[in-house]
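Structure record follows, encoded as structure tokens.
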Amino acid sequence: MLANPQTKYTAFPPVGLKDRTWPNQVISQPPVWMSTDLRDGNQSLFEPMNGEKKLRMFQTLCAIGFKEIEVAFPSASDTDFGFVRKLIDENLIPEDVTIEVLTQAREHLIRRTMESVRGAKKAIVHVYNATSKPFRDIVFNMSREEVRDMAVAGVKLVREIAATMPETEIQLEYSPETFTGTELDFALEVCDAVTAAWGATPERKVILNLPTTVELTTPNVYADQIEWMHRHLARRDSVVLSLHPHNDRGTAVAAAELGLMAGADRVEGCLFGNGERTGNVDIVTLAMNLYTQGVHPGLDFSDINAVVRTAEHCTQLPVHPRHPYAGDLVFTAFSGSHQDAIKKGFAARNSQGSEAGEQLWNIPYLPIDPADLGRSYDSVIRVNSQSGKGGVAYLLEADFGVVMPRRMQIEFSSVVQAVADSQGGELSSDDIWRIFSDTYIVQGEREPCRAVRVFEQDGGQAIELTVEIDGQERTLRGHGNGPIHAAVQAFASAGIAVEVHGYEERSMAGAHDDGSAKACAIVEVGVGGRSTFGVGVDANIVTASIQALCGGVRRASSL
């Protein structure tokens, strides 16, 4: 227990649903997915996304397959309002995608919100107000009737304004915020009043979103609450029952899964669980959990690394290396016994030949085929930085000042493993440095850029590179907002499309025979669908960076 507890807590009372049916249910089809990365996720960031990042995230969500995306809280800021207008005015919303906007049940906020979606082909307007007793008594100082009337008045205003926008198909979503802390009979009273005020029908359904605004208890209690509402709603055939779990107790995924078993139709959440406090429910984990049970989620995570890179770029939040399905290390076995079991599993599967693809996945320690997520098998069966033949990453960092990105550790450890297997025995740190240098730090005749000149031009930076392409020495020129960007443009001038996926630099003081301080630059590049790394080491960081980029391009494209 806590050393000096200062506060008393009481357990949340159970629903008392004695004849619950959800424990016997099986999720056999995916829910309607609604991404709130651009709203709930965005408002929780230390530095909210700018327009470029919001658009990149929106386009990624569309590519993944989301058909409903909450894009903004338009009345909260001109930035959010402007983003909604950009999507509509520039015709950036795919035909099969519906945008959603959020507003509190207050007149001036509703009017501003409705104005933001004017002209859209279709939109979900999401109205909410808190309904629990602490909010009624402490925040609003309102009776139950007054809180119910607040919700109804907001819905009627949305309906009234929607009637003046015949060009836009408006669907209503209502959330009794703090649902899990609200008396169930009152939550039902408010929701029924809302569907009546909207005039909900099976052809014109209302989305009733029942959030765990703050997780208060175990997931089974939330499932009981959802099943109770599912049974008692007055117009259930005119309602899309939606879940919006937060993760305060660390059980949002379980709460969502049990809520679907209890009768819900729809789930709101964020990629990788971003959101207020401990986050929204993690849709990637939810979707892939379904996938491992033979139910296709209707979302495409076949290139999970690309999704991770987009999320990290847009949110400036790292995806944990142990994050389910998406983490860089989740398919890596550090234990020797795990490695042995996995290798035997693959050997048995490979011995089955062409029939393997028709059989159920059954590899020890791997709940899913990494290839289904666009991940390679190399990271699964490698000798990695924490085990086996010497702790590759630790020795490079401790003895030479080289800190490899996680994905580079995976790539380089396979090289070390091949050398160690051929030589037998242990490899010293000097051996590993030699392998690293031979692999990445090419010099002399193999130096990727034999001449580099960087200079200021037209408010940016220009570059000249002398490189060998197809056996011929060529001078390439490019211009950009920095030396790396200029070098990318230089390669583009030769018909070589280069993408920079990552860049890191670090001092290597004392790492060389002369004891001098040098800079080490590591660049992750993609060329023609292949991604790899290049390393440059030089006293000048710009030179090191360009050498790293050129080395990565050479390795990726075999120039």
Side-chain angles (χ1 to χ4, degrees), residues 305 321 327-336 338-340 342-343 346-347 370-371 374-448 498 500-506 508 511-512 518 520-537 544 547-559:
N305 287 343
D328 283 340
L329 300 180
V330 295
F331 298 123
T332 298
F334 290 100
S335 161
H338 285 212
Q339 292 176 356
D340 181 64
I342 291 170
K343 289 179 180 179
F346 276 119
R375 303 283 291 272
S376 71
Y377 294 124
D378 294 340
S379 62
V380 176
I381 60 176
R382 81 186 198 273
V383 175
N384 56 70
S385 59
Q386 298 297 317
S387 66
K389 300 175 173 70
V392 175
Y394 171 78
L395 291 175
L396 281 177
E397 180 176 358
D399 294 347
F400 300 97
V402 175
V403 180
M404 294 186 292
R406 292 194 301 267
R407 285 186 283 271
M408 189 181 189
Q409 292 178 29
I410 295 170
E411 179 181 282
F412 181 54
S413 63
S414 65
V415 177
V416 174
Q417 181 185 7
V419 174
D421 287 346
S422 65
Q423 294 183 359
E426 295 290 325
L427 294 175
S428 68
S429 61
D430 287 336
D431 292 329
I432 292 172
W433 174 252
R434 175 182 51 78
I435 298 169
F436 184 82
S437 298
D438 290 345
T439 303
Y440 296 108
I441 310 175
V442 290
Q443 298 174 345
E445 292 184 356
R446 297 175 58 238
E447 192 166 358
V498 178
V500 177
H501 297 320
Y503 172 81
E504 295 185 18
E505 63 182 62
R506 185 178 292 260
M508 296 175 61
H512 300 274
K518 291 188 177 181
C520 175
I522 298 176
V523 178
E524 183 181 8
V525 301
V527 179
R530 181 185 177 191
S531 182
T532 190
F533 292 84
V535 178
V537 175
Q547 292 288 358
L549 177 70
C550 293
V553 171
R554 166 172 278 188
R555 296 186 70 240
S557 59
S558 300
L559 293 179

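Computation of the quantities below employed the complete heavy-atom set of this structure, encompassing side-chain atoms and omitting hydrogens, waters and symmetry-equivalent molecules. Throughout, numbering of the chain's residues begins at 1 and tracks the sequence.
Contact annotation: the side chain of T439 approaches that of R555 to within less than 4.5 Å [non-hydrogen atoms, C-beta and beyond]. In this structure, the side chains of V527 and R530 stay at 4.5 Å or more apart for every pair of heavy atoms.
Residues satisfying the ring-ring contact (aromatic ring centres under 6.0 Å, His included) criterion with F533, sequence neighbours excluded, are absent altogether. Residues satisfying the side chain to side chain donor-acceptor pair (under 3.5 Å) criterion with E505, sequence neighbours excluded, are Y503. Not counting sequence neighbours, the partners of S531 by the side chain to side chain donor-acceptor pair (under 3.5 Å) test are E524.
Residue R554 holds its CZ atom at 13.0 Å from CG of L549, rounded to the nearest 0.5 Å. Within the model, atoms CE of M404 and CD1 of I522 stand 7.5 Å from one another, a figure rounded to the nearest 0.5 Å. Taken from CE in M408 to CD in E504, the straight-line distance is 9.5 Å, to the nearest 0.5 Å. Once rounded to the nearest 0.5 Å, the distance linking CG of D430 with CZ of F400 reads 5.0 Å. Taking CH2 of W433 as the reference point, atom CD1 of I441 lies at 4.0 Å (rounded to 0.5 Å). Between atom CG of residue N305 and atom CZ of residue R407 there is a gap of 6.0 Å, rounded to the nearest 0.5 Å.
Considering all non-hydrogen atoms of both residues, V402 and C520 come closest at CG2-SG, 4.4 Å. In terms of heavy atoms, A521 sits closest to A548 at O-CB, 3.4 Å.
Judged purely by atom type and a 3.5 angstrom limit, S414 uses its side chain to pair as donor or acceptor with the backbone of E411.
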